[in-house]
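Beneath this line is the structure, given in structure tokens, with notes to follow.
Order of the sequence lines fixes the chain letters, A, B, ..., with proteins taken first and strands second; residue numbering starts at 1 for each chain.
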Amino acid sequence: MEELKNYWAQKLLASLESYAENTGIDDFSVNSLQLILETPPKPELGDIAVPLFFAAKIFKKSPAVIAGELKKYLEKGNEKAVISVSGPYINIKVDITETAARVLKKISSEGNRFGNTGSLKNRKIMVEFSCPNTNKPLHLGHLRNDSIGESVSRILAANGADVRKVNLINDRGIHICKSMLAYKKFGAGTTPESEGMKSDHFVGKYYVRYNEWSKEYPEAENEARAMLRAWEAGDPEVTALWQRMNRWTIDGIKQTYANTGIQFDAFYFESETYKTGKAEIMKGLERGVFYQEKDGSVWADLTEINLDKKVLLRSDGTSLYLTQDIGTAIARHNDWPFEKLIYVVGSEQQYHFQVLFYILKKLGFEWANDLFHLSYGMVNLPDGKMKSREGTVVDGDDLFAGLKKMAFAEIAEKERTEKVGDVEKTTGAVALAALNYYLLQVSPGKDMIFNPKESISFNGNTGPYLQYMGARISSMLRKFDRERASFSDAEVDYTMLSTDIERELVKKCAVYPEVVRNAGNELNPQFITGYLYELSKLFSRYYHDVQILSDTDKNRALTRIELVKSILQVLKNAYYLVGIPFLERM
RNA sequence: GCGCCUGUAGCUCAGCUGGAUAGAGCGCCGGACUUCGAAUCCGUAGGUCGCAGGUUCGAAUCCUGCCAGGCGUACCA
């Protein structure tokens with residue numbers, strides 16, 4: 001589609017030049033910025049639209065007049081295309097046969113690589129996402145984070161980037177000590193096994209317990225702080241407890257990742273990187289980048305960029321979130337010198353990242369300019385806000401299980417449990433499609449409301465609906481295979497793809513690589529979800545209105561099957577980028 | 001108070017670097033199964049694009065002010 005536009009841009013420039021010559025304009029010059037080729041608002045108008053407002057000044061005529069006169073020039077040598085004028089626009093309807101042949105052949109030969117671009121070829125991009133705390137299981141907010149992180153990574157890779165997905169396990173700090181302390185006080189030696197609980201949920205129980213307890217017992221905070229000091233000092237008993245409980249949480253969280261199709265290339269642990277951070281801050285202090293208060297705390301003065309003063313080390317010498325993030329960034333760049341590092345982190349931490357990036361710059365790391373905070377908004381349920389303090393957080397595992405249950409109910413109601421094969425696997429795949437699509441349908445920056453019931457619905461703009469299109473095509477292709485013998489004499493003939501809807505479908509397929517590239521440039525999976533819906537919608541209308549296999553014209557049927565196969569390929573490629581599992585049957 | 005973000009149909013969301021009558025889904029109402037899976041498709045109704053100015057041939061889109069909401073402004077993460 002893009003080549004097509006470039007091709008016509010050249011034609012237009014040539015036409016404009018001869019038009020200028022014949023109308024006596026000497027100082028004619030048009031650059032490619034002025035000449036913008038668009039897509040008409042309605043397909044009947046054509047495939048390419050050329051607004052001619054810019055030409056009004058050059059030719060001193062109204063755009064509509066120019067359009068009318070320019071038409072003749074453009075038609076010369078381009079007889080296959082239909083050029084029409086509509087007010088200030090010239091619309092071009094291209095010869096679709098040629099495009100269809102080219103695009104469908106390309107899709108068939110490139111297969112699952114179709115849509116990949118080289119726009120970020122070999123760029124080393126690190127993506128940090130998920131970053132759970134080891135004191136509780138993942139909640140709905142993490143699920144959005146994971147969806148975005150995984151999807152953005154796949155999109156970047158599809159654009160040729162060398163992507164490294166990293167997870168920073170937040171396994172140290174005062175909040176970790178809180179669940180440890182509660183377990184020590186109230187755990188009575190129980191384990192996830194003994195209680196029959198998923199291990200991360202088991203730990204989370206004690207984090208909640210701490211918060212209840214600390215309300216009645218004001219000393220709790222001090223005890224937690226003392227535990228943090230003991231931990232940083234390497235106290236053996238505290239360390240042992242810490243290791244035990246971290247294992248529980250991490251094991252449980254990894255199970256959730258496995259269920260939701262999230263994977264990483266490397267794990268970092270704050271318990272390891274915070275020391276680097278501390279050391280760098282001490283170095284910075286010596287060099288006078290930071291300053292120390294009388295109580296021993298170390299600070300960065302950011303008033304020069306209109307930010308506040310920030311603490312980097314507490315008066316008792318223990319480190320903070322910022323401290324370890326400094327260490328983590330440095331450790332990462334040493335391990336794998338990235339050209340860009342994308343932090344997928346909630347928008348509530350914008351200020352934190354502004355500070356972090358600035359401090360790294362002050363410390364003299366030039367790559368600090370390559371850091372980017374991809375921030376996303378909060379997720380709430382229809383019935384209200386998620387607040388961890390009020391215990392209204394939506395647990396990720398529970399939510400996912402609920403989606404699976406709804407998917408199963410739907411399959412059972414349609415009496416398809418037999419036809420589907422592995423029911424457990426299918427319900428999981430449908431649940432995942434529902435979850436990822438719903439989460440990625442909204443641009444990352446915005447807050448959103450997650451409606452589980454709506455997400456799993458099989459009709460409307462949902463993941464399962466898209467999945468259904470893939471399954472329907474698969475079903476059709478199975479039937480085609482069964483009837484293959486009757487097509488033995490048939491030949492593919494692209495001139496057969498002549499209806500308006502086929503034209504639309506061909507163009508939609510053709511534009512896919514551009515969509516992938518835009519999604520990569522904008523770091524926005526929403527481009528892909530939006531595209532998927534448009535393609536699916538077009539296709540569902542097509543197969544509903546057109547009987548393909550029973551066509552008496554076998555050549556036409558065979559050609560249409562080629563188109564349908566291509567659509568399935570594009571769907572699959574796009575599914576992958578937004579975490580929708582492909583199902584042959586559902 | 002200050003900083004960042006958001007405000008588009010009853011609800012949930014699109015609308016790319018300003019361009020042709022502002023689009024989907026859900027919900028509402030009304031149609032379409034002897035057909036490749038009706039888990040679908042088609043149609044009707046519904047919008048002062050938060051408000052007011054400004055820039056422009058042209059603004060939902062850019063600028064300014066105001067209003068409303070969210071988030072941040074911790075020796076929490």
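- Remark: aromatic rings of A:W213 and A:Y207 are distant, center separation not under 6.0 Å.
- Spacing between B:rU56 and B:rC63 at atom P, rounded to whole Å, works out to 16 Å.
- Using Watson-Crick or G-U wobble geometry with both donor-acceptor distances under 3.5 Å, B:rC62 finds its partner in B:rG54.
- Evaluated for a salt bridge (Lys or Arg N to Asp or Glu O under 4.0 Å) with A:E232, the options A:R314, A:K278, A:R225 yield exactly one hit, A:K278.
- B:rG25 atom P lies 12 Å from atom CD of A:E534, rounded to whole Å.
- For A:S475, whose side chain is taken as the heavy atoms from C-beta onward, the closest listed nucleotide among B:rA77, B:rU12, B:rG37 is B:rG37.
- Using a 4.0 Å heavy-atom cutoff across all strands shown, A:I548 reaches at least one base atom of the nucleic acid.
- At a threshold of 4.0 angstrom between heavy atoms, the contacts of A:R225 are confined to the sugar-phosphate backbone, with no base atom among them.
- A:Y343 and A:S375 form no side-chain donor-acceptor contact under 3.5 Å, judged by distance and modelled atom types alone.
- Aromatic rings of A:Y468 and A:F458 (six-membered ring for Trp) have centroids beyond the 6.0 Å cut-off, not under it.
- Checked against a 6.0 Å centroid threshold, the rings of A:Y206 and A:Y210 do not count as neighbours.
- Candidate nucleotides B:rA14, B:rA24, B:rA20 were compared by shortest atom distance to the side chain of A:N91, and B:rA20 ranks first.
- Backbone-only engagement by A:D308 is indicated by non-hydrogen atom pairs under 4.0 Å involving sugar-phosphate atoms exclusively.
- Using modelled atom types and a 3.5 Å distance limit, the side chains of A:N459 and A:S457 yield a donor-acceptor pair.
- The side chain of A:D447 lies closest to B:rG70 when the candidates are B:rG72, B:rG70, B:rA20.
- Residue A:F539 is out of contact with every strand shown, counting any heavy-atom pair closer than 4.0 Å.
- Within the 4.5 Å cutoff, the side chain of A:F269 has no heavy atoms near those of the A:N246 side chain.
- Side-chain contact, A:Y437 with A:Q467: no donor N or O sits under 3.5 Å from an acceptor N or O.
- Between the CD1 atom of A:I528 and the P atom of B:rC16 there is a distance of 16 Å, rounded to whole Å.
- Residue contacts shown for A:D316 are absent, as no nucleic acid heavy atom lies under 4.0 Å away.
- A donor-acceptor contact closer than 3.5 angstrom links the side chains of A:E502 and A:T499.
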- Message: Pair A:F487, A:F480 - check ring-ring contact (aromatic ring centres under 6.0 Å, His included), show working.
- Response: CA-CA 9 Å; A:F487 290 91; A:F480 170 70; 5.1 Å; yes
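- B:rG3 is paired with B:rC71 under the criterion used here, namely a Watson-Crick or G-U wobble arrangement in which both key atom distances are under 3.5 Å.
- For B:rU34, there is no paired nucleotide, since no Watson-Crick or G-U wobble pair has both relevant distances below 3.5 Å.
- Of the two residues contacting RNA chain B, namely A:L45 and A:S319, the nearest-nucleotide position lying further toward the 5' end is that of A:L45.
- Against the 90° criterion about 0, the sugar-base torsion of B:rC26 places it in the anti range.
- Regarding A:N461, its CG atom lies at a distance of 9 Å from the C1' atom of B:rA14, rounded to whole Å.
- Across all strands, A:L549 comes closer than 4.0 Å to base atoms (heavy-atom distances).
- A:Q349 comes within contact range of at least one nucleobase, with a heavy-atom separation under 4.0 Å.
- Here the rule is side chain to side chain contact (heavy atoms under 4.5 Å, CB included) with A:L549, and of A:K554, A:R560, A:E483, A:R482 only A:E483 fits it.
- The C1' atoms of B:rG7 and B:rC49 are separated by 10 Å, rounded to the nearest whole Å.
- In this structure, A:N380 atom CG and B:rC11 atom P are separated by 17 Å, rounded to whole Å.
- Spacing between atom CZ of A:F54 and atom P of B:rG58 amounts to 19 Å, rounded to whole angstrom units.
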- Message: I'd like to compare against my own output: the B/S/- annotation of nucleotides 39-46 of chain B with a strict under-4.0 Å heavy-atom distance to protein.
- Response: BBSS----
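- Judged by closest nucleotide on RNA chain B, A:N524 is the one of A:N524 and A:R585 placed further toward the 5' end.
- For B:rA14, the OP1/OP2 oxygens have a side-chain nitrogen or oxygen of A:S443 closer than 4.0 Å.
- Comparing B:rC76, B:rA24, B:rG72 by their nearest atom to the side chain of A:E348 picks out B:rG72.
- Residue A:A56 is classed as having no contact, given no heavy-atom separation below 4.0 Å to the nucleic acid.
- Distances shorter than 4.0 Å separate none of the side-chain N or O atoms of A:R314 from OP1 or OP2 on B:rA74.
- Pair check for B:rC11 finds B:rG25; Watson-Crick or G-U wobble, both atom distances under 3.5 Å.
- In this structure, A:Q441 atom CD and B:rG15 atom C1' are separated by 14 Å, rounded to whole Å.
- Remark: aromatic rings of A:F539 and A:Y543 are close, center separation under 6.0 Å.
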- Query: How does each nucleotide of nucleotides 2-9 of chain B score, in 5' to 3' order, for protein heavy atoms under 4.0 Å: base (B), sugar-phosphate only (S), or none (-)?
  - Reply: --S-SS--
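- Rounded to whole angstrom, the span from the CG atom of A:L320 across to the C1' atom of B:rU73 amounts to 16 Å.
- Here the P atom of nucleotide B:rG15 and the CG atom of A:N518 are 12 Å apart, to the nearest Å.
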